[in-house]
Amino acid sequence: MSAQGFYRRSLPDSAIAFSSVEGRQIFREALALGGMEGYFALAEQFHTQAEPAFCGLGSLVVVLNALSIDPGRIWKGVWRWYGEEFLDCCLPLSVIKENGITFDEFVCIARCNGAVVKPNRYYQSSLENFRQAVEEVTTASGDIHLVVSYSRKVLGQTGDGHFSPIGGYHPQRDLVLLLDVARFKYPPHWVSLPLLWQAFEPVDPVTNQCRGYILLQKSERLPETFFHVAFDLHQWRSVAPYFTEILPDILRKEQPDSIASVGSTILHHLPVEFTTMVHTSSETGEKLEKLRAAIHLNSLFDIVHQCLSSDDSDAMSVVRKWRSQQPFVAEIITAILLSCPETLYATLKPELRLWFSEVRHLEKLLPPLDIEISRLREQMSALQEFYTLYSKGHQCNIPSAGFGNWQ
């Protein structure tokens with residue numbers, strides 16, 4: 001690499017530049033054939049990734065904004081909007097900046113941020129299934145999008161692992177439009193769909209798995225919310241065992257005989273790390289009051305409030321720290337106990353386990369609490385599943401192939 005650096009790369013013969021004479025003709029034909037319906041929502045939000053390793057985050061930002069998903073957090077000024085700086089829910093941005101992200105990490109981040117995600121690795125799908133997915137997305141009006149994770153090498157490009165949104169499809173020529181967010185390197189370009197399918201097959205050396213494609217939609221159950229999980233994977237590792245091993249084992253040994261004693265046992269054994277797991281938005285006024293009212297009407301809130309009002313509540317270190325940080329301690333604890341993995345309650349006596357199952361039933365939660373808990377559960381579930389993969393060795397603390405050799 002020269003001291004002056006690079007100003008873009010030349011596309012290989014396997015690609016057709018979007019802005020070229022041929023590329024524009026393909027666009028016109030694809031538009032007439034109905035294969036560009038999803039393009040316009042993406043084009044409105046298309047941007048260049050902010051860092052060389054941010055191809056996954058850059059692609060996801062384009063899609064989340066194209067899907068009109070509200071992050072529920074202030075971006076700048078008074079505006080709520082997705083920027084790459086918000087996508088730190090599964091991995092710290094400092095780690096992503098150095099290593100990029102993998103296929104599974106992309107899925108985790110997308111789920112944490114309100115997208116309904118359907119991942120498809122190469123070995124889980126087929127060329128025909130991929131073509132059908134591309135046709136579905138590109139003929140839709142913008143309520144579903146597709147991001148591909150592929151090896152640049154197969155396309156004759158420099159570097160290796162990369163993410164891009166699919167912007168369009170020409171069914172007669174079997175060409176797809178890759179809206180490459182690394183616009184400092186390659187412009188958007190048309191490539192053969194079968195060739196792109198082949199680019200999913202090479203194994204990512206970090207995960208030892210092939211790549212693939214990811215369908216993303218907006219969930220109607222996940223609009224702007226007051227609560228959100230503030231942990232990335234490394235922070236989640238410190239609390240995950242409490243849901244699956246530590247607290248269930250304590251409950252199994254102590255066998256509390258009432259709902260109140262279950263709540264007390266849990267609160268006495270929570271570590272202080274739990275106090276930073278769930279953050280709240282700056283929402284005030286009528287919306288917040290409606291949410292608090294819905295929480296107060298839930299039977300689990302009564303139990304939490306009773307525990308916090310007991311004489312020994314000051315002996316609970318986690319409660320002391322919570323009280324110094326939050327005005328809505330009982331509400332936050334109730335939200336965590338309603339949304340956490342159900343394995344927490346697995347070792348309770350049958351009648352107590354049934355009570356918690358009933359009180360946590362999503363369809364029985366009053367609005368807007370049902371939406372809040374749905375969002376928290378999806379975020380926790382994404383982190384828990386990713387943590388499980390991590391624990392089994394599918395993820396490693398070594399440079400990721402999420403962006404490969406980005407030169």
Side-chain angles (χ1 to χ4, degrees), residues 11 15-50 54-71 75 79-84 86-87 106 109-110 113-118 120 130-150 155 162-193 196 213-220 222-224:
L11 283 168
I16 303 167
F18 180 60
S19 62
S20 67
V21 173
E22 184 179 7
R24 283 179 282 171
Q25 180 60 34
I26 296 170
F27 176 86
R28 284 190 288 267
E29 293 173 1
L31 184 63
L33 293 168
M36 302 300 300
E37 294 303 305
Y39 165 79
F40 298 98
L42 292 170
E44 285 182 341
Q45 311 304 335
F46 193 34
H47 82 147
T48 302
Q49 62 191 70
F54 276 12
C55 60
L57 299 191
S59 297
L60 188 53
V61 162
V62 172
V63 171
L64 291 174
N65 286 327
L67 290 171
S68 298
I69 294 178
D70 188 335
W75 170 61
W79 303 107
R80 298 193 302 269
W81 196 250
Y82 268 110
E84 285 141 323
F86 276 5
L87 304 182
F106 181 98
I109 296 170
N113 285 280
V116 177
V117 183
K118 184 179 180 181
N120 299 268
F130 174 51
R131 184 178 286 112
Q132 289 176 2
V134 169
E135 289 177 341
E136 175 189 1
V137 167
T138 55
T139 57
S141 58
D143 57 354
I144 182 170
H145 294 290
L146 191 154
V147 172
V148 287
S149 173
Y150 59 99
L155 304 187
H162 194 58
F163 290 90
S164 288
I166 292 289
Y169 178 55
H170 191 304
Q172 293 180 352
R173 296 183 59 172
D174 211 14
L175 295 172
V176 293
L177 175 62
L178 289 178
L179 294 177
D180 198 326
V181 293
R183 291 190 287 182
F184 52 83
K185 181 176 181 179
Y186 292 116
H189 47 278
W190 297 94
V191 297
S192 160
L193 185 146
L196 180 59
Y213 60 98
I214 304 151
L215 292 159
L216 301 105
Q217 290 179 280
K218 179 180 180 179
S219 171
E220 295 305 318
L222 302 180
E224 174 197 355

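What you see below is based on every heavy atom in this structure, not just the backbone, and it leaves out hydrogens, waters and symmetry mates.
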Quiz prompt | Pair listing, salt bridge (Lys or Arg N to Asp or Glu O under 4.0 Å) test, anchored in residues 165-176, at least two apart | solution = Glu22-Arg173, Arg131-Asp174

Quiz prompt | Residue pair Tyr82 / Asp70: nearest heavy atoms and the distance that separates them | solution = CE1-C, 4.4 Å

Quiz prompt | Distance (rounded to the nearest 0.5 Å) between Ser164 OG and Gln49 CD | solution = 8.5 Å

Exercise. Report yes if the side chains of Leu178 and Leu155 come closer than 4.5 Å at any heavy-atom pair, otherwise no.
Key: yes

Quiz item: Are Asp180 and Phe18 side-chain neighbours, meaning at least one heavy-atom pair lies under 4.5 Å?
Solution: no

Exercise. Identify the two heavy atoms, one from Ser59 and one from Val147, that lie closest to each other, and give their separation to 0.1 Å.
Key: CB-CG1, 4.2 Å

Exercise. Please report the shortest heavy-atom distance between Tyr169 and Thr138, naming the atom on each side.
Key: CB-OG1, 3.6 Å

Exercise. Please report the shortest heavy-atom distance between Asp143 and Gln217, naming the atom on each side.
Key: O-CG, 3.6 Å

Self-check item: Val137 vs Ile166 side-chain heavy atoms within contact, under 4.5 Å
Solution: no

Quiz item: By ring-ring contact (aromatic ring centres under 6.0 Å, His included), which residues pair with Tyr150, not counting sequence neighbours?
Solution: His162

Exercise. Specify the closest pair of heavy atoms between Leu67 and Ile144, including all atoms of both residues, with the distance to one decimal.
Key: CD2-N, 4.0 Å

Exercise. For Lys118 and Asn120, work out which heavy atoms get closest and say how close.
Key: O-ND2, 3.1 Å

Quiz item: About how many Å separate CG of Leu64 and CH2 of Trp81, when rounded to the nearest 0.5 Å?
Solution: 10.5 Å

Quiz item: Nearest 0.5 Å, what's the CG-CZ distance between Asn65 and Phe46?
Solution: 13.5 Å

Exercise. Run the numbers on Val62 and His47 for side-chain contact (heavy atoms from CB on, under 4.5 Å), then give the verdict.
Key: CA-CA 7 Å; Val62 172; His47 82 147; 3.7 Å; yes

Quiz prompt | Separation of Ser19 OG from Phe27 CZ (nearest 0.5 Å) | solution = 12.5 Å

Quiz item: How many angstroms lie between OG in Ser20 and CD1 in Ile26, if you round to the nearest 0.5 Å?
Solution: 7.0 Å

Quiz item: Under 4.5 Å between any side-chain heavy atoms of Val148 and Leu146, yes or no?
Solution: yes

Can you give each donor-acceptor pair under 3.5 Å made by side-chain atoms of residues 29-42, sequence neighbours left out, with the distance rounded to 0.1 Å?
unit_1, atom_1, unit_2, atom_2, d
Glu29, OE1, His170, NE2, 2.7
Glu29, OE2, Gln25, NE2, 3.0

Exercise. Working to the nearest 0.5 Å, report the span between CG of Leu179 and CD of Gln45.
Key: 12.0 Å

Exercise. Take Phe106 and Leu216 through the side-chain contact (heavy atoms from CB on, under 4.5 Å) test and state the conclusion after the steps.
Key: CA-CA 11 Å; Phe106 181 98; Leu216 301 105; 4.2 Å; yes

Quiz item: Any side-chain heavy atom of Asn113 sitting closer than 4.5 Å to one from Ile69?
Solution: no

Exercise. Indicate yes or no: at least one non-hydrogen side-chain atom of Leu196 is less than 4.5 angstrom from one of Phe130.
Key: yes

